[in-house]
Amino acid sequence: MFDFTKLSNAVIEGDNEQVQVYVKEAIDAKVDPLTIINEGLIGGMNVVGQRFKVNDMFVPEVLMSARSMNAGIELVKPFLAGGEMSNKGTVIIGTVKGDLHDIGKSLVGMMLECSGFKVIDLGVDISPEEFMAAIKENDGKILALSALLTTTMLSMKSTIDVCVEQGMRDKVKVIIGGAPISQEFSDQIGADGYAGDAAAAVELVTKLLKDNEMVAR
Ligand code: B1M
């Protein structure tokens, strides 16, 4: 059983070098790559979140932790399953208007890519119109929206509303996720599904595309 305490602590301290040392140790010990991400890297980031909430950590420190987490993820990336270059479908992903959080969204995008989907990552603070343009330009089959703030959850609804207004709602499946999001909220705003983490997002996208093929037949 690998002890993730040192790795999580290195993320909390925002120490890139130590994060990389412990991630390499875990890789050498043949720990499952997803477990390294979930227990070691995200585990540390969760503590950062709790400390940020009670003003025990501040924005610059949070950003350093986020950077360390990403440095670790970069090392794990080549070991994630999949990797086949086939395109199972194009996913347009982004963080909705008004929201600048990108760590979870990028993780979801990376996992989808590693599972064989083509991922167009638009970044953060993306307006409904920008999402629509990207779907049209890239023949997107899945629109994946991330939000971390209770205030920007509403931008998810606006994005779906614009999708309907532009007559594109039946051309694309919409999935949503992020810390404040739930299945109930997904049902309320008429999304096609909610995923709680990156692995669940891969399962959901796979299922939605499969269901869609069956309908088309
Ligand atoms: Co912000 N922030 N933040 N923040 N921040 C939260 C979200 C908060 C909960 C902190 C807190 O108070 N406890 C709080 C929101 C409160 C609320 O709305 N209820 C908050 C706040 C208030 C703010 C500011 C308003 C602070 C301020 O300025 N006063 C401000 C807003 C800026 C803006 O967006 N307009 C702000 C700013 C920032 C930083 C810039 C400092 C930084 C972001 C850096 C970056 O992303 N590049 C930051 C961070 C890092 C956090 C916390 C600490 C960590 C978020 C994170 O990256 N987690 C966060 C506290 C927390 O969540 N515990 C917090 C790790 C990441 C892997 O998890 O993003 O949840 P997560 O993604 C998960 C799942 O949610 C899911 O899969 C991922 C992997 O498991 N998922 C999806 C995510 N997207 C998905 C999409 C899917 C499916 C699954 O399908 C499409």
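Hydrogens, waters and symmetry mates play no part in the numbers below; they use all other heavy atoms, side chains included.
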Let me confirm one number: the [atom1]-[atom2] distance from [X] to [Y], rounded to the nearest 0.5 Å.
X	Y	atom1	atom2	answer
T152	I181	OG1	CD1	7.5 Å
I37	M45	CD1	CE	14.0 Å
I160	F131	CD1	CZ	11.0 Å
S65	I103	OG	CD1	9.0 Å
S68	I73	OG	CD1	11.0 Å
Q183	Q188	CD	CD	11.0 Å

Please tell me whether [X] and [Y] are part of a single hydrophobic cluster in this structure, the criterion being side-chain heavy atoms less than 4.5 Å apart.
X	Y	answer
V47	M57	yes
I189	L208	no
I120	V124	no
F185	Y194	yes
V31	I42	yes

Before accepting this row, confirm whether a basic side-chain N of the pair [X]/[Y] lies closer than 4.0 Å to the acidic partner's carboxylate O.
X	Y	value
D28	K24	no
K6	D15	no
D211	K173	no

Steps toward side-chain contact (heavy atoms from CB on, under 4.5 Å) verdict (V23, L41) | CA-CA 9 Å; V23 165; L41 299 167; 4.2 Å; yes
Could you check if a side-chain atom of [X] sits within less than 4.5 angstrom of a side-chain atom of [Y], using non-hydrogen atoms only?
X	Y	value
S146	V96	no
E25	F2	yes
K141	L209	yes
L145	I175	no
H101	L149	yes
L143	I135	yes
I142	F117	no

Verify, without hydrogens or angle tests, whether T95 (side chain) and D102 (backbone) share a donor-acceptor contact under 3.5 angstrom.
->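 Here the side-chain-to-backbone pair does not exist.
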Run the numbers on K97 and D99 for salt bridge (charged side-chain N to carboxylate O under 4.0 Å, His left out), then give the verdict.
-> CA-CA 6 Å; K97 186 83 194 148; D99 200 318; over 6 Å; no
Output, in order, the C-alpha distance, side-chain angles, deciding distance and verdict of side chain to side chain donor-acceptor pair (under 3.5 Å) for N9 and E13.
-> CA-CA 6 Å; N9 283 341; E13 282 155 22; 5.5 Å; no
Quick one: which of T90, L112, I92 gives a side chain to side chain contact (heavy atoms under 4.5 Å, CB included) with V119?
->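 Considering T90, L112, I92, a side chain to side chain contact (heavy atoms under 4.5 Å, CB included) with V119 is found only for L112.
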Any chance you could lay out the side-chain contact (heavy atoms from CB on, under 4.5 Å) test for V91 and K118, step after step, and finish with the verdict?
-> CA-CA 6 Å; V91 180; K118 181 175 176 190; over 6 Å; no
Might you confirm whether atom NZ of K207 has over 12 heavy atoms from other residues, nucleotides or ligands at distances under 6.0 Å?
->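 Count not over threshold, so no.
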Taking all heavy atoms of [X] and all of [Y], pick out the closest pair and write down the distance.
X	Y	value
Q166	M132	OE1-CB, 3.4 Å
V11	G44	CG1-C, 4.1 Å
L122	I126	O-CD1, 3.3 Å
R169	D192	NH2-OD2, 2.9 Å
E129	V162	OE2-CG2, 4.2 Å
V48	I12	CG2-CA, 3.9 Å

For side-chain contact (heavy atoms from CB on, under 4.5 Å), just list the numbers for F79 and I36, CA-CA rounded to whole Å, side-chain angles, deciding distance to a tenth of an Å, and then say yes or no.
-> CA-CA 11 Å; F79 297 92; I36 302 177; over 6 Å; no
Any chance the side chains of S127 and E130 put a donor and an acceptor closer than 3.5 Å?
->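 Yes - a donor-acceptor pair under 3.5 Å links their side chains.
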Give a yes-or-no answer on whether the side chains of N46 and Q50 include a donor-acceptor pair shorter than 3.5 Å.
-> no
